[in-house]
Amino acid sequence: MNRSFKPSFISNIPLSAWIGIVIIAVNLLAAIFAPWLAPHSETEQVGDIWLLPSAATPFGTDSLGRDMLSRILFGARTTIAIALTITIASFIIGIISGFAAAIYGKWVDVVLSRIVDTVMSIPVLIFALMVLSVMGTSIPVLVLTIALLDATRVFRLARLVAQAIVCQEYVEAARLRGEGLRWVLTKEILPNAMPPLLAEFGMRFCFTFLFIAGLSFLGLGIQPPYADWGSMVRDNAQAINFGQFAPLYPAAAIALLTIGVNLVVDWLLARNSLPHGEEA
C-alpha cells in the first residue's frame, strides 16, 4: 500500500533539502510579489545603459537602461510560471496516457508506445526549433510544443510504474471486491505512483526551465516586452566586454533555482529508495 508520512517527517528533512526548499520558496515569493517588490516596472528606463549598482538600481541597468533587479523579479514571474505550466500540462498528458497504456494494454499500449517512440526519436531541440520557427514563438505555442515533447518522457515513467503496480496483490484484491476502474486508479495506483512521479516532476521542471531559458537565449523563447532570464542573458552578454556584471545576475538566478530544485529532488529520490518504514 502507499507510504504515509510520519509525524516526524519534517524533522527528518536533511539540511541540503531545506536549502533547496528555501531557494524554491524565495523564488516563488519573488515571482508572486514581483509587482510589489520591484522598485520599477519591467519596461521603465531609469538611466543610461549598463550602469553600475547603486542605491537606486541595486543590480545596475541593462542594455536599454532598465533596472536589472526589477527585470529579474518580473522575469521570475514569467519564466517560473511558464515552466510550471508546461510541466503540469506535460504530466497531465503523460500520466493519463501512461496509465491508460498500462491498464488497458494490448493495442492501446502498442499504439501509444509507438507514437511516443516516434516523437522521442527526433532530438528535442531540433523538433522545438522546427515547430517554433513555423508556428511562431507565442506563449501558447511555446507551452503546447514543450508540453507535448515532455509528455513523452512522463508517459514512459507513468507506464512503467503503473505496470509494476497493477500486478500487485492489493490491486487484484480491490478488483475482486468489485471496485471499479476509477476507484482502483485513484485509491491504489495513483497514490503508490506519486513518489517517483513527484521526483520526476522536479527533474522535468528543471529541464523545462533550462530549455525555456535556452530558447530565449536563442531568440525563440519568451518574447519582449516580457522579462525573461534567458533573454536577459542574451541581451546583456556584451556587457562582459566592458567589465559589467549585468548578464551574470539572470544567469545566477537560473543556476540557483536549478540547484534548489535538484537538492529537493535528490532528497525525494533518496527517501523513496529506502526500505519501507525507514526515513532519510
Side-chain angles (χ1 to χ4, degrees), residues 16-47 49-87 139 142-143 146 201-240 242-266:
S16 60
W18 275 118
I19 294 173
I21 292 171
V22 170
I23 292 173
I24 295 171
V26 169
N27 277 273
L28 289 177
L29 290 174
I32 294 170
F33 297 104
W36 295 275
L37 295 175
H40 306 279
S41 71
E42 62 180 320
T43 58
E44 179 184 358
Q45 290 183 306
V46 297
I49 66 171
W50 295 327
L51 291 178
L52 292 173
S54 64
T57 56
F59 287 175
T61 59
D62 68 358
S63 59
L64 295 177
R66 298 168 296 191
D67 179 45
M68 283 294 296
L69 176 59
S70 300
R71 296 279 294 173
I72 288 175
L73 290 172
F74 281 103
R77 163 173 284 197
T78 305
T79 310
I80 294 174
I82 292 178
L84 192 59
T85 300
I86 291 172
T87 306
I139 291 179
L142 183 69
V143 169
I146 303 179
F201 186 90
M203 290 189 288
R204 285 292 102 202
F205 174 82
C206 282
F207 172 83
T208 303
F209 178 74
L210 293 172
F211 194 58
I212 292 173
L215 288 175
S216 296
F217 184 83
L218 295 174
L220 290 173
I222 302 169
Q223 300 298 309
Y226 299 108
D228 168 69
W229 290 346
S231 60
M232 290 172 67
V233 175
R234 179 198 64 204
D235 294 340
N236 296 282
Q238 295 300 319
I240 294 293
F242 302 98
Q244 305 295 327
F245 300 106
L248 299 183
Y249 298 126
I254 293 171
L256 191 62
L257 180 57
T258 304
I259 291 171
V261 174
N262 276 303
L263 288 174
V264 176
V265 170
D266 287 345

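Predicted, not measured: the structure shown is a model, and the values here were computed from it.
Counting only distance, with no hydrogens or angles, the side chain of Ser70 and the backbone of Ala38 share no donor-acceptor pair below 3.5 Å. Between the side chain of Ser231 and the backbone N or O of Ser216 there is no donor-acceptor pair closer than 3.5 Å. In this structure a side-chain-to-backbone donor-acceptor pair under 3.5 Å is missing from Arg66 to Gln45. No donor-acceptor pair under 3.5 Å is formed between the side chain of Thr258 and the backbone N or O of Cys206.
Aromatic ring orientation, Phe209 versus Trp229: perpendicular (interplanar angle above 60°, classes split at 30° and 60°).
In this structure, Leu256 CG and Asn27 CG are separated by 6.5 Å, a value rounded to the nearest 0.5 Å. For the atom pair CG (Asp228) and CZ (Phe217), the distance works out to 12.0 Å, reported to the nearest 0.5 Å. Between Ile139 atom CD1 and Ile222 atom CD1 the span is 6.0 Å, to the nearest 0.5 Å. With rounding to the nearest 0.5 Å, the separation of CD1 in Ile254 from OH in Tyr249 is 15.5 Å. To the nearest 0.5 Å, atoms CG (Asp235) and CG (Leu64) are separated by 7.0 Å. Distance check: Asp67 CG to Glu44 CD gives 8.5 Å after rounding to the nearest 0.5 Å.
Here the closest non-hydrogen pair linking Leu51 and Thr61 is N-OG1, 2.7 Å. Val233 and Pro250 get closest at one heavy-atom pair: CG2-CG, 3.8 Å. When all heavy atoms are compared, the tightest approach of Ala17 to Val264 is O-CG2, 3.9 Å. Residue Leu84 comes nearest to Phe205 through the heavy atom pair N-CE1, 3.7 Å, listed as atom of the first residue, atom of the second, then distance. Nearest approach of Leu142 to Ile86, heavy atoms of both residues: O-CD1, 4.2 Å. Nearest heavy atom pair, residue Val261 against residue Gly202, reads CG1-O, 3.4 Å.
Residues Thr208 and Ile82 have side chains not in contact (no heavy-atom distance under 4.5 Å, counting atoms from C-beta outward). Asp62 is not listed as a side-chain neighbour of Met232, based on a closest heavy-atom distance of 4.5 Å or more. For the pair Ile146 and Ile212, the minimum side-chain heavy-atom distance is below 4.5 Å. Proximity of Trp50 to Gln238: side-chain heavy atoms (C-beta onward) are separated by under 4.5 Å at one or more points.
Here the options are Val26, Thr79, Ile80, Leu28, the test is side-chain contact (heavy atoms from CB on, under 4.5 Å), and the partner is Leu257; only Ile80 passes.
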Report the C-alpha distance between Asn236 and Ser63 in whole Å, list the side-chain angles of each, state the deciding distance to 0.1 Å, and finish with yes or no for side chain to side chain contact (heavy atoms under 4.5 Å, CB included). CA-CA 6 Å; Asn236 296 282; Ser63 59; 3.8 Å; yes

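Figure legend: cation-pi geometry between Arg77 and Phe74 absent, as NZ or CZ is not positioned both under 6.0 Å from the six-membered ring centre and within 45° of its axis.
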